[in-house]
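Everything quoted here is computed from the prediction, not taken from an experiment. Only heavy atoms go into these numbers, but all of them, side chains included; no hydrogens, no water, no symmetry mates.
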Amino acid sequence: MNLATLAPSAGAALPADHPLVDGRTATAPLIRALRGDRPERLPVWFMRQAGRSLPEYREVRQGIGMLDSCLRPDLASEITLQPVRRHGVDAGIFFSDIMVPLKLAGVGVDIAPGVGPVMDQPYRTADDVERLVAATLDDDALAPVREAVALTVAELGTTPLIGFGGAPFTLAAYLVEGRPSRDHLAARTMMHGAPETWSRLVSWTADITGAFLRAQVEAGASAVQLFDSWAGSLSQADYTGRVAGASARALAHVAGLGVPAIHFGTGTGHLLGAMRDVLASAGVAKHAVGVDYRTPLDEAAEALPGVPLQGNVDPALLAAPWPVLEAHVRDVVARGAAAPAHVLNLGHGVPPETDPAVLTRVVELAHSL
C-alpha cells in the first residue's frame, strides 16, 4: 500500500450530496471557525463526548465489545448522535477508535477494559514490520465505516460530523510497544536504532489512517481531526525529523477533498509550530491546531499567528464546583479571542465519571458568550 494509490487524484471531488457541497453544513459555526471566520455563535464540542459519561451509551453498549461496537453501523451511528441530542453541541464526532483501521487491515488487536489497545504481539523487528506492512486495507473492508457515517449524517442535518483518525506515530507506538506505554521506549529505540524499519512502519500507519479518514469524508464527514495521543513524548527534533512527514502523508489522503482539518496532540505545547507545518505541508488549505490544557490559548495564538485554535478547557475542572468551572471556561474563551477563530473544546477527552449535565451547562454557557 502506498500514498500514490490512496491519496486523492487532482480531480477528486466530494459527491454532490455531501453536506459541504449541498450546503447543509457549509455555513455551520464549526466549519466557519475552522476556515478562520468568527461565527455569531461560539462553536463547541467535546473530545470523547460520545462515550462513557452518558448513561444511554452504557445502555446500548452493554455486553458488546468496543471494536465490535465501532463496526456495527447502526450502533456506531446511534452513539455518535447521543451527545448531539443531549448537549446541543455544534458537531458530532464519529464514534470509532483509532485501532479500527488496524483491525480492518487484519492486525490482531483488542481493547482490553481498563488497559486500552493490546496487540497480538509487539512489532519490533524488521521481519515483524515487513509482515505487518504486507497487509492492505481494502476499500471493501471500510464499508461498515462508510455506512455508519452515512446513517449519522442523514440524522445530523445542519450539524457537521467530524471524522477522525490516529496519527501515524501513535499507531506505530502501540504496534511496537504491544500495549499502552508511558514512555514509548521501544518505539523511540526503533526510531533511532532501525530508522529504515521505522520509516516503513510509519509510512504504513499513515496510509492506513489516511484511508480511514478518506472513507469518513467521502461518506459525509465535514471535517477531520488527526489525533496524536503520544507525540508529546517526543523531542522537537524527533518529531520534525521522524514523525511529521508521516502525519502529513496521512492528511494528504483528504487534502484534495477540501474539508478542514484539526491537528491535536497531548503534551505537545513544544510542537505546536511543527503540527501547524504538518497541516500546511499536507496541502490542507483550511485547518486548526488543537491545544491541550497545558498551554494557554493566548500563548498558542502568539506561537501560531493566523491559525484558528481549538481547546482547551481542563477536563479536571468538569468535576469542580460550577463557579470554578464557569470562570475557567470564560477565561479560556477570552484567551481564545487572540486567535483569528476559536472552537471551544476540552484540552483532552471527557472523563468517564463526568456528570452529563455539566457538559450541557458548558455548551449553554459557550453559546451565551
Side-chain angles (χ1 to χ4, degrees), residues 19 25 30 44-104 109-113 116-117 141-157 159-167 170-171 208-209 211-227 229 254 259 261-262 264 290 310 315 345-346 348-354 356 359-360 363:
T25 62
L30 175 88
V44 55
W45 67 281
F46 305 108
M47 286 180 280
R48 294 183 185 162
Q49 65 187 18
R52 296 168 293 175
S53 65
L54 299 182
E56 55 265 42
Y57 167 83
R58 295 192 292 271
E59 181 179 349
V60 298
R61 271 282 321 277
Q62 193 168 9
I64 305 173
M66 176 63 185
L67 293 178
D68 289 338
S69 300
C70 296
L71 293 172
R72 283 181 43 177
D74 57 338
L75 185 56
S77 176
E78 167 60 22
I79 293 171
T80 303
L81 293 166
Q82 287 174 348
V84 181
R85 297 189 197 111
R86 178 186 275 265
H87 303 311
V89 286
D90 292 288
I93 178 71
F94 182 53
F95 176 76
S96 191
D97 191 273
I98 64 172
M99 294 293 125
V100 164
L102 296 183
K103 181 176 178 65
L104 293 178
V109 57
D110 193 17
I111 309 295
L142 290 161
V145 174
R146 295 177 184 275
E147 182 180 348
V149 169
L151 288 172
T152 306
V153 168
E155 295 292 327
L156 282 174
T159 300
L161 178 69
I162 302 170
F164 85 103
T170 288
L171 294 185
I208 292 292
T209 279
F212 184 50
L213 290 172
R214 187 176 175 88
Q216 293 171 71
V217 170
E218 290 178 337
S222 294
V224 296
Q225 175 165 289
L226 190 68
F227 190 97
S229 308
V254 296
V259 295
I262 308 158
F264 174 78
Q310 177 179 278
N345 205 315
L346 301 179
H348 202 190
V350 175
E353 63 275 8
T354 301
L359 295 177
T360 303
V363 174

Ignoring hydrogens and angles, tell me if any N or O in the side chain of [X] forms a donor-acceptor pair with the backbone of [Y] under 3.5 Å.
| X | Y | value |
| --- | --- | --- |
| Gln225 | Ala261 | no |
| Asn345 | Gln310 | no |
| Thr170 | Gly166 | no |
| Arg58 | Arg52 | yes |
| Asp90 | Leu30 | no |

Could you report the tightest heavy-atom contact between [X] and [Y], atom names first, then the distance?
| X | Y | answer |
| --- | --- | --- |
| Ser222 | Val259 | O-CB, 3.8 Å |
| Leu213 | Gly165 | CD2-N, 3.5 Å |
| Thr152 | Ser77 | OG1-OG, 3.0 Å |
| Val363 | His87 | CG1-O, 3.4 Å |
| Phe46 | Leu346 | CD2-CG, 3.8 Å |

How long is the gap from [atom1] on [X] to [atom2] on [Y], to the nearest 0.5 Å?
| X | Y | atom1 | atom2 | value |
| --- | --- | --- | --- | --- |
| Phe227 | Phe264 | CZ | CZ | 5.0 Å |
| Ile262 | Ile162 | CD1 | CD1 | 4.5 Å |
| Glu155 | Thr80 | CD | OG1 | 11.5 Å |
| Ile79 | Leu75 | CD1 | CG | 4.0 Å |

Can you give the donor-acceptor pairs under 3.5 Å from side chains of residues 61-71 to other protein atoms, not counting sequence neighbours?
from: Arg61; atom 1: NE; to: Ile64; atom 2: O; distance (Å): 3.0
from: Arg61; atom 1: NE; to: Ser69; atom 2: OG; distance (Å): 2.8
from: Arg61; atom 1: NH1; to: Tyr57; atom 2: OH; distance (Å): 2.5
from: Arg61; atom 1: NH2; to: Ile64; atom 2: O; distance (Å): 2.9
from: Ser69; atom 1: OG; to: Gly65; atom 2: O; distance (Å): 2.8

Under 3.5 Å side-chain donor-acceptor pair for Gln82 and Gln49: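 The answer is no; no qualifying pair exists.
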
Is the closest basic N to carboxylate O distance between Arg85 and Glu78 below 4.0 Å?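 Answer for the salt bridge query: yes.
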
Side chains of [X] and [Y] in contact at under 4.5 Å (non-hydrogen atoms):
| X | Y | value |
| --- | --- | --- |
| Thr159 | Thr25 | no |
| Pro55 | Arg86 | yes |
| Val217 | Val149 | no |
| Leu54 | Pro83 | yes |
| Val224 | Phe164 | no |

Derivation of the side-chain contact (heavy atoms from CB on, under 4.5 Å) call for His348 and Arg48: CA-CA 8 Å; His348 202 190; Arg48 294 183 185 162; 4.1 Å; yes

Taking atom CD of Glu59 as the centre, does the number of heavy atoms from other residues, nucleotides or ligands within less than 6.0 Å exceed 12? no

Side-chain donor-acceptor contacts of residues 91-104 below 3.5 Å, not counting sequence neighbours, with atom names and distances?
from: Asp97; atom 1: OD1; to: Met99; atom 2: N; distance (Å): 2.8

One pair to check against side chain to side chain donor-acceptor pair (under 3.5 Å): Thr354 and Ser53. What are the steps and the verdict? CA-CA 6 Å; Thr354 301; Ser53 65; 5.9 Å; no

